[in-house]
Amino acid sequence: MTPQPSPEAGAAVKAADRAHVFHSWSAQDLIDPLAVAGAEGSYFWDYDGTRYLDFTSGLVFTNIGYQHPKVVAAIQEQAAKLTTFAPAFAVEARSEAARLIAERTPGDLDKIFFTNGGADAVEHAVRMARLHTGRPKVLSAYRSYHGGTQQAVNITGDPRRWANDSGSNGVARFWAPFLYRSRFYSETEEQECARALEHLETTIAFEGPATIAAIILESIPGTAGIMMPPPGYLAGVRELCDKYGIVFILDEVMAGFGRTGEWFAADLFGVVPDLMTFAKGVNSGYVPLGGVAISRKIAETFGTRPYPGGLTYSGHPLACAAAVATINVMAEEGIVENAKRLGESVVGPGLAELAARHPSVGEVRGVGMFWALELVRDRETREPLVPYNASGEANAPMAAFTAAAKRHGLWPFVNMNRTHIAPPCNATEAELKEGLAALDAALTVADEHTV
Ligand SMILES: Cc1ncc(COP(=O)(O)O)c(C=O)c1O
């Protein structure tokens with residue numbers, strides 16, 4: 001579809017937004033949201049007719065791209081049939097979505113509790129773990145993001161927690177492995193893995209194993225930097241959880257549903273958690289939906305004892321119909337396989353080639369359609385291109401990179417000193433190459449800020 005310019009309509013959208021919409025995570029007077037006129041597949045466009053290739057998949061959720069016709073039709077059909085229904089009833093779309101998800105989740109994660117998104121999935125997973133173990137505390141990683149609600153943001157490791165952190169939310173934090181910026185002075189992945197596990201076990205010992213309900217980790221930390229856990233790390237955490245009777249929660253809100261070239265990132269590592277949270281890709285974000293996949297033993301805890309939690313819209317039929325259609329489309333169109341294949345053959349090699357030519361690229365890491373470029377001022381010292389949590393003038397090099405990418409028709413995902421490459425999982429080879437070319441141009445701007 002060719003975008004039709006309509007600047008007056010765009011101005012009206014923008015004016016009403018600025019007058020009445022209160023945006024997430026923002027100083028309201030300092031933002032300038034782009035008015036979006038439409039979107040299709042891997043692209044969206046504004047009211048001036050400028051089109052962008054979306055390497056962010058929204059907020060890493062449009063795993064099948066925008067406006068997939070089969071999923072749009074399924075939503076329309078469900079709206080005509082049964083738009084909504086209360087959660088206490090058995091409803092076809094809800095039952096089918098739960099069945100399709102449970103068939104794909106690893107191990108015995110066979111019961112699905114539906115939420116409205118990722119943060120509330122994390123809230124409920126933690127609540128289930130606390131009730132199951134009778135213990136109060138949660139261990140989470142410093143480099144993590146788990147959502148914006150009160151408990152989830154307190155589990156989160158990034159600076160968005162700080163203003164919400166009362167210091168009394170039953171969370172203790174540890175360092176997960178990340179060789180490029182190792183907290184353990186490691187030189188190899190093997191060392192990083194062994195030392196991170198030793199550090200975690202020491203943390204458990206000093207926190208008191210009998211006080212710890214859960215360890216929560218993103219299978220591959222997303223917003224915090226797409227750090228691939230070294231081989232053996234997640235299996236090692238699984239062992240520690242078993243040893244100390246701790247519930248293992250994997251957060252697959254961002255990494256799940258095809259993003260890594262597997263249905264779930266846990267499949268890359270052959271690990272089965274006790275609880276697994278999901279959202280985003282489950283229905284490509286077409287209608288808000290998240291959930292917790294629950295193992296048999298935790299489900300049994302609530303066999304005859306009521307689970308003290310729920311939501312009016314748990315398993316909303318419209319959202320569940322979108323999930324059913326999305327999962328079926330992903331299977332029929334080989335979208336998970338596409339992410340794996342083009343991740344290996346196009347994105348990975350393409351980014352490596354950019355890294356070889358651009359001194360601002362410190363590291364390339366990722367898998368499938370889930371990659372990060374770590375941008376640095378100095379490759380030797382690994383000094384980040386901008387300081388941690390920089391804003392204003394201190395963030396100017398990343399702002400210049402972002403602006404350059406947009407000038408070249410690419411909407412980039414930018415977080416601190418990194419750009420993440422997270423196109424839809426069904427992006428084509430031509431689209432990916434177009435995005436890599438735009439990144440090439442934007443990195444030339446980043447290079448100007450290296451030493
Ligand atoms: C790993 C992870 N967990 C939880 C969340 C929170 O999800 P939501 O924004 O749907 O509440 C996110 C969102 O980015 C996420 O990436």
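What you see below is based on every heavy atom in this structure, not just the backbone, and it leaves out hydrogens, waters and symmetry mates. Note that the numbering runs from 1 along the sequence shown for the chain. Order of appearance sets the numbers: ligands from 1, and atoms from 1 within every ligand.
- Under the rule for a side-chain hydrogen bond (donor to acceptor under 3.5 Å, both in side chains), Arg382 has no partner lying at least two apart in sequence or in another chain.
- Ordered by chain and residue number, the residues placing a heavy atom less than 4.0 Å from ligand 1 are Gly117, Gly118, Ala119, Tyr145, His146, Gly147, Glu218, Asp251, Val253, Met254, Lys280.
- A ring pair (Phe, Tyr, Trp, His ring centres under 6.0 Å) with Trp411 holds for exactly one of Trp45, Tyr43, Phe44; it is Phe44.
- Judged as a salt bridge (charged side-chain N to carboxylate O under 4.0 Å, His left out), the pairs with a partner in residues 219-239 (not counting sequence neighbours) are, in order, Arg238-Asp242, Arg238-Asp274.
- A salt bridge links Arg365 to Glu374: one of the charged nitrogens lies within less than 4.0 Å of a carboxylate oxygen.
- For the 3.5 Å distance criterion, the side chains of Arg195 and Ser182 fail to qualify, holding no donor opposite an acceptor.
- Residues that satisfy the ring-ring contact (aromatic ring centres under 6.0 Å, His included) test with Trp371, not counting sequence neighbours, are absent from this structure.
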